[in-house]
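Take a look at the structure below.
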Amino acid sequence: MTRPTLRAIERGEFGVTLGSYANVLHCLGLEKDLGNVGRDDELGRKLQDAALTPADRRKRPGSHDAR
C-alpha cells in the first residue's frame with residue numbers, strides 16, 4: 001500500500017478502494033469489523049442532514065408575497 005493511499009484512508013477521503021480498507025483492518029486485527037464499513041450510520045446521517053442548507057428560493061419575476 002502506498003503512503004498516499006494510507007493518508008487518504010486516515011483522512012476519510014473518497015475514492016479509496018474497499019480492498020485498501022480491508023488491508024488496513026486486517027493489519028490492525030480488526031477484519032471482523034469490515035461489515036461495519038458499509039453499515040448505515042444513523043448519527044452520521046443526522047449530522048449530514050443538519051449541515052444541509054435549504055435551497056436559495058429566489059422569487060420569480062412577477063410573483064407576489066402573500067403576507
Side-chain angles (χ1 to χ4, degrees):
M1 175 176 299
T2 64
R3 287 182 182 183
T5 299
L6 186 55
R7 278 194 295 269
I9 290 172
E10 292 172 340
R11 293 177 182 158
E13 296 177 5
F14 65 92
V16 178
T17 66
L18 186 57
S20 296
Y21 280 104
N23 285 332
V24 170
L25 290 173
H26 178 71
C27 290
L28 296 174
L30 301 171
E31 60 273 358
K32 292 179 182 177
D33 291 335
L34 185 58
N36 294 334
V37 172
R39 192 182 78 211
D40 188 28
D41 179 10
E42 291 183 35
L43 177 60
R45 175 114 22 222
K46 288 178 183 178
L47 292 171
Q48 180 183 21
D49 290 346
L52 296 175
T53 58
D56 185 17
R57 297 180 181 173
R58 296 187 179 127
K59 289 185 180 180
R60 287 180 279 162
S63 66
H64 298 285
D65 195 359
R67 285 188 214 177

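Residue numbers start at 1 and run along the sequence shown.
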Original post:
Which pairs pass salt bridge (charged side-chain N to carboxylate O under 4.0 Å, His left out) with one or both residues in residues 16-27, sequence neighbours excluded?
Top reply: none
Subject >> Leu47: partners by side chain to side chain contact (heavy atoms under 4.5 Å, CB included), with sequence neighbours left out >> reply: Leu43
**OP:** Could you note down all residue pairs passing salt bridge (charged side-chain N to carboxylate O under 4.0 Å, His left out) where residues 17-31 supplies at least one of them, sequence neighbours left out?
**Re:** none
**OP:** Under the salt bridge (charged side-chain N to carboxylate O under 4.0 Å, His left out) rule, collect the residues that match up with Asp40, sequence neighbours excluded.
**Re:** Arg45
Acceptor/donor pairs from residues 4-21 side chains to any protein atom, 3.5 angstrom cut, sequence neighbours excluded:
{"unit_1": "Thr5", "atom_1": "OG1", "unit_2": "Thr2", "atom_2": "OG1", "d": "2.8"}
{"unit_1": "Thr17", "atom_1": "OG1", "unit_2": "Ser20", "atom_2": "N", "d": "3.2"}
{"unit_1": "Thr17", "atom_1": "OG1", "unit_2": "Ser20", "atom_2": "OG", "d": "2.9"}

**OP:** With sequence neighbours excluded, tell me which residues meet side chain to side chain contact (heavy atoms under 4.5 Å, CB included) with Asp33.
**Re:** Leu30, Asn36
